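Here is the structure we will look at.
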Amino acid sequence: MGARRRNAPGAVQMIGVPKLRSNLGLSNGEIAAKLIEIRTLAEMAGQPFYEYMAYEKAAASIENAPPLAELVASGKHLRLPGIGKKIGAVIEQLLKTGTAEPLEVLHKRFPPTILEVLNVDGIGTKSAAMLFDKFGIASLDDLERALREGRLDDAPRLGVKTLANWRRNLLAYKARVLRTPLARARSIAREVMDYMAEGPPVHRLLPAGSMRRQEVTVGDIDLVCTAEDPQAVIARFASWERAEAVLAEGSTKASIWLAGGLQIDLRVLPPHVYGNLLQHFTGSRGHNIKVREYAVRKGLRVSENGILDLASGGIFTTAEEAEVYAHMGMDFIAPELRSGLDEVDLALKGTLPKLVEIEDVRGDLHMHTTWSDGRDELEEMIEAAAARGYEYHAISDHSPGRGRFGLSAQRMREQKDVIESLRGNYAIHTLHASEVDVLEDGSLDYSDEVLAQFDLVIASIHTGFHESRDAITRRIVRACENPYVTIIGHPTGRRFGEFEGYEFDLNAVFSAAARTGTALEIDGQAPRLDLSGTMARHAATFGVTFALDSDAHRVEALEGVELALGQARRAGLTKDQILNAKPLPELLNFIRTKRSRH
DNA sequence: GCCGTTTTCGGCCCGACTGTTTTCAGTCG
């Protein structure tokens, strides 16, 4: 389910991804990491449980909130769930100075490097504090040396098995990738599920956990299923040829590691509690806490084993997850919304949004062909888009700025002729579009006369990432103001493991997009997922319209629309907010309206 | 430390597993 050992308390080390920023203070992720640091060190220091847990709740709240730097200016950060006066002041200090008083106090007790030790599975805050106080172990290196030299062998309450586990898990940690991008996790999950399908019968085999919630990265893959012969199913799973190591193989659960350290857990569930267990293992941790807190007030105790009525002693179990929510008198909460913020309140009031679904998506407005940097031919892309059942789609090759890949104005006219000549050959309407570069001054890579010949224009930043926040903001706002620009492509430029995205004034860009009738893209290309669900949720408050695109450069990548959809659902978007959920005439009207306003 | 559709004070999710122990603390999901 939700926060795993290595991304919850303690695991605060930053992945080495460059973040371009001005000196405007910390990002939400960085502030959340500092709060988690306080939470973890406070637990180690023996502070009361509910005091340090408040920091954990606050951190989760912040990760799903709009940028704090902007909220704090108006004092609105105190309205976020889990943020009161004390933590609110800590956040203000963090933004101003990069540190805060409680953190400084704790750092006098423990060095920051002690948190490294918690990344070893099986070592929690109690053990880490003991290791520091009794053995002076203040870092992962210290621990490794102490284990190697046998200095812990005679310690009280540390038996042979415990030390062996620590040694093994320390090596595993050092070899492990921290989090895996969703698209990669999906493809691995599909692979193992295909493999399982060839073996003894399995039913209702599904990914749960962060993957089911469509988080942009996952810590590990949780699979659940039912089976008549659980033992046979587990044996097959544990003998998958891609498993580098089998961590556990019991009667209802097995865990394997793949090369690179990604862990996959399989749980075989009894059919009559499948619904309860799926709900439990989907998480998030914060969501389950919210659900159970509400249940307690109703005299119910919720767990993976069922819903216990404390008054009567009766227990409610179900094969259907939706009935878990129904039993507590709330609407079904889609997995993508189970963040632990306000979704339980909304479900109780019956005011959850009706999320956009894959069937609502009528077309894909962003894809490339061999005319620019795509792998597959124009007709192959048209045919594949038609095969997905779309009403329409757009071919959007690059503008000249993309070097040898870009289309000159002349080539662009040739492509337009080809597309027109193919019209009627396929059961889909093909729009002739362009993904045009936003140049460093905010002008576009084609003249307006050329742009006017496209059915649709996506404007994207591909160069000049290192410009200042103000300069990037001006570029995007100016692109929004161009009457021919329908969509801003991959708005933040983020690429997993490479680049965290250029920085700009979100409020200025989101309000410009809304004001000018320009859609913002949720780009579903595997390394992008840009906008993320969190950002899109913020943008939606400005009244922005979104485009869910694959940005495919080959036929198979067209399924990227599903990833974009996942982020839209995490943002709580309905189909009315999605440009490519509109019928073709309405889409064309959206484009025409903006062009005619100028 | 935060919070309120029984509360501004008195609560705060739940269970499984492991290793070390004679009854449980620590860790994890």
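Sequence lines set the chain letters: A, B, ... in the order given, protein chains first and strands last, and positions in each chain run from 1. This is a predicted model, so every value here is computed, not measured. We use all heavy atoms of the structure for the numbers below, so side chains are in, but hydrogens, waters and symmetry mates are not.
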inquiry  = When you compare the side chain of A/L140 with that of A/V120, does any pair of heavy atoms fall below 4.5 Å?
reply    = yes
query = Angle class for the A/H327/A/F316 ring planes (parallel below 30°, perpendicular above 60°, tilted otherwise)?
reply = parallel
query = Looking at A/F496, does the NZ or CZ of A/R528 lie under 6.0 angstrom from its six-membered ring centre and within 45 degrees of the ring axis?
reply = no
query = Less than 4.5 Å apart, any side-chain heavy atom of A/K174 and any of A/N169?
reply = no
task = Using whole Å, report how far CD of A/Q279 lies from C1' of B/dG29.
result = 13 Å
ask   = Atom CZ of A/R168 and atom C1' of B/dT27: how far apart are they, to the nearest Å?
value = 14 Å
query = Separation of A/M211 atom CE from B/dG29 atom P, in whole Å?
reply = 18 Å
request  = If B/dC9 has a Watson-Crick or G-U wobble mate with both distances under 3.5 Å, name it; if not, just say none.
outcome  = B/dG4
ask   = If the P atom of B/dG4 is compared with that of B/dC13, how far apart are they to the nearest Å?
value = 14 Å
task = Inspect the surroundings of CD in A/E293 and state if more than 12 heavy atoms from other residues, nucleotides or ligands are less than 6.0 Å away.
result = yes
In B/dT6, glycosidic geometry as syn within 90° of 0 or anti otherwise = anti
ask   = Can you give one letter per nucleotide of nucleotides 1-13 of chain B, going 5' to 3': B for a protein heavy atom under 4.0 Å from the base, S for sugar-phosphate only, - for none?
value = BSS--BB----BB
ask   = P atom, B/dT7 versus B/dC12: distance in rounded Å?
value = 16 Å
query = How close or far is atom C1' of B/dT20 from atom NZ of A/K126, stated in whole angstroms?
reply = 17 Å
key: Geometric cation-pi criterion A/R236 and A/Y195, 6.0 Å radius, 45° cone   = yes
inquiry  = I need the CG-C1' distance between A/N169 and B/dT27, as an integer number of Å.
reply    = 12 Å
ask   = Taking atom P in both B/dT27 and B/dT20, what distance in whole Å separates the two?
value = 13 Å
key: Atom C1', compared across B/dT8 and B/dC24: separation rounded to whole Å   = 37 Å
query = Do other residues, nucleotides or ligands put more than 12 heavy atoms under 6.0 Å from A/R167 CZ?
reply = yes
ask   = Any chance CZ of A/R79 has more than 12 other-residue heavy atoms, nucleotides or ligands included, within less than 6.0 Å?
value = no
request  = Starting at atom NE2 of A/H280, determine the distance to atom P of B/dG29, rounded to an integer number of angstrom.
outcome  = 11 Å
query = B/dT21 and B/dA25: how far apart are their P atoms, nearest whole angstrom?
reply = 14 Å
request  = Evaluate salt bridge (Lys or Arg N to Asp or Glu O under 4.0 Å) for A/R179 paired with A/E215, printing each intermediate quantity in order.
outcome  = CA-CA 11 Å; A/R179 291 186 74 81; A/E215 291 205 12; 3.8 Å; yes
task = Using whole Å, report how far CG of A/D222 lies from C1' of B/dA16.
result = 15 Å
task = Round to the nearest Å and state the distance from A/N119 atom CG to B/dT27 atom C1'.
result = 14 Å
ask   = When you measure from every atom of DNA chain B, which of residues 143-166 of chain A have a heavy atom less than 4.0 Å away?
value = A/R157, A/L158, A/G159, A/V160, A/K161, A/T162, A/N165
inquiry  = Taking only the C1' atom of each, what is the distance from B/dG1 to B/dT6 in whole angstrom?
reply    = 23 Å
task = Report yes if the distance between the aromatic ring centroids of A/F49 and A/Y52 is under 6.0 Å, otherwise no.
result = yes
